[in-house]
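So you know, we letter chains A, B, ... as the sequences are listed, proteins then strands, and number each from 1.
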2 protein chains.
Amino acid sequence: MGKLMRENPDMAALAMEKLRAAGLRPTRQRIELAAHLFAGPDRHVTAESLHDEVVVSGIKVSLATVYNTLHQFTEAGLLRQVVVDAARGYFDTNTGNHQHFFLEDEGTLIDIPGDTITVAGVPTAPPGLCVDRVDVVVRVKRA
Amino acid sequence: MGKLMRENPDMAALAMEKLRAAGLRPTRQRIELAAHLFAGPDRHVTAESLHDEVVVSGIKVSLATVYNTLHQFTEAGLLRQVVVDAARGYFDTNTGNHQHFFLEDEGTLIDIPGDTITVAGVPTAPPGLCVDRVDVVVRVKRA
DNA sequence: AAGCAGTTTAGAACAATTCTAAATTGTGCG
DNA sequence: CGCACAATTTAGAATTGTTCTAAACTGCTT
Ligand SMILES: [Mn+2]
Ligand SMILES: [Mn+2]
Ligand SMILES: [Zn+2]
Ligand SMILES: [Zn+2]
């Protein structure tokens, strides 16, 4: 069950579709990255974790390109960033309204569906500012 | 209105008290840092911002000591860390239950009192884990 | 005052991320 | 097709925030 695009024309076609729709030129690297990110269920990646994964799958991509691509995908609305760790940035393929468990020992994220947690009483933003987003992070540890 | 401890024996005495109570030897550097952190209203600092501030006030402290001290204060329960930015760590003198506005353009934090926001429906932690804390960050931008 | 553990520090080391400038590639056009 | 050119990729250097190391220093006890 190889993951290379050249062995999965359907996934590649879908990825190219998605890239064109986002106004991004479908290059080998972007197609492979998009296939890894969007072919299965939602996921949370780090630039480095995604890079390792793609490199192992046999495609040559530089880490700089992974960073570029993650940022471009984010700007295009295909990904969103999640801030839970002051040392690492995470990217999330689930761009809808939802929250996270953060497993501090492992450094992994688990989605909490958007209608699970209710946040009430958020004060109005300070003058001249507006609320961009309300993030809830449930930090969990070994019991 | 100098901020040096040698000009403010009362603040220095209070800081020494606080340090002794926390089991930390009251050194020149720790006294100065504690005075800056705890003499006024609650605040949010970065290692670098606090270092700049203390250096300007005339005391010689290395950045490494600021990092060491911030971590020691945090372990002692005098500070807590706030994660809002993947590139920088923030420390908060308010260790009680409260939430934050994060001004993404400026990189500054504003406290939201602990009884303002209500979070309901937090699911139970995954097996073998327990909830350490639930953080809410209200990200705000220029209107 | 001396001794010593605890503390500070300069500077090196590290880790994550961004930048730069050159090489490569996708796409439109003749 | 095969060129031309802009868009993209890349290696490697640079930057940034933070931690580490090992040597110098300092607060406390005697
Ligand atoms: Mn205070
Ligand atoms: Mn960093
Ligand atoms: Zn998610
Ligand atoms: Zn706060």
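Nucleic acid contact class of B:His51 (heavy atoms, under 4.0 Å, all strands): none. When heavy atoms are screened at a 4.0 angstrom cut-off, B:Ala87 is found touching the sugar-phosphate backbone but no base atom.
Aromatic pair A:His71/A:Phe91: centroids less than 6.0 angstrom apart.
At whole-Å resolution of the value, CG in B:Asn68 and P in C:dT8 are 7 Å apart. In this entry the distance linking OH of B:Tyr67 with P of C:dT8 reads 16 Å, nearest Å. Rounded to an integer number of Å, the gap from CG of B:Leu70 to C1' of C:dT8 is 15 Å. Nucleotide C:dT25 holds its C1' atom 12 Å from the CD1 atom of A:Ile31, rounded to whole Å. As rounded to whole Å, 14 Å separates atom C1' of C:dT9 from atom CG of B:Leu33. In this structure, the CD1 atom of A:Ile59 is 12 Å from the P atom of C:dT25, given to the nearest Å.
Between A:Val137 and A:Gln99 the shortest side-chain heavy-atom distance does not fall below 4.5 Å. Side chains of B:Thr93 and B:Pro41 form no contact here, defined as non-hydrogen atoms less than 4.5 Å apart. Between A:Leu103 and A:Ile110 there is a side-chain heavy-atom pair separated by less than 4.5 Å.
A donor-acceptor contact closer than 3.5 angstrom is absent between the side chains of B:Asp135 and B:His100.
Inter-axis angle, ends of the helix from C:dA1-D:dT30 to C:dG30-D:dC1, five pairs per end, rounded to 10 degrees: 20°.
Position along DNA chain D of the nearest nucleotide to B:Gly89 versus A:Leu63 favours A:Leu63 as the more 5'-ward residue. Both B:Ala86 and B:Ser62 sit near DNA chain C, but only B:Ser62 has its closest nucleotide nearer the 5' end.
Summarising the local packing, CD of A:Gln81 is surrounded by more than 12 heavy atoms from other residues, nucleotides or ligands at distances under 6.0 Å.
One finds no salt bridge joining A:Asp105 and A:Lys141 here, because no Lys/Arg side-chain nitrogen approaches an Asp/Glu carboxylate oxygen to under 4.0 Å. The pair A:Glu106-A:Arg142 does not count as a salt bridge, with every side-chain nitrogen at least 4.0 angstrom from each carboxylate oxygen.
Look at A:His71 and you'll find a side-chain N or O under 4.0 angstrom from OP1 or OP2 of C:dT18.
Using the six-membered ring where Trp is involved, B:Tyr90 and B:Phe102 have ring planes that are perpendicular, over 60° apart on the 30 and 60° scheme.
Here the range on DNA chain D touched by chain A, meaning any atom under 4.0 Å from one of its heavy atoms, is D:dA7 to D:dA11.
For B:His98 against B:Pro113, the heavy-atom pair with the smallest separation is CB-C, 4.2 Å.
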Could you write out each protein N or O paired with an N or O of nucleotides 26-30 of chain C at a distance under 3.5 Å?
unit_1, atom_1, unit_2, atom_2, d
C:dG26, OP1, A:Arg28, NH1, 3.1
C:dG26, O4', A:Arg25, NH1, 3.2
C:dG26, N3, A:Arg25, NH1, 3.4

Working for salt bridge (charged side-chain N to carboxylate O under 4.0 Å, His left out), residues A:Glu104 and B:Arg133:
CA-CA 11 Å; A:Glu104 306 199 276; B:Arg133 187 158 89 199; over 6 Å; no
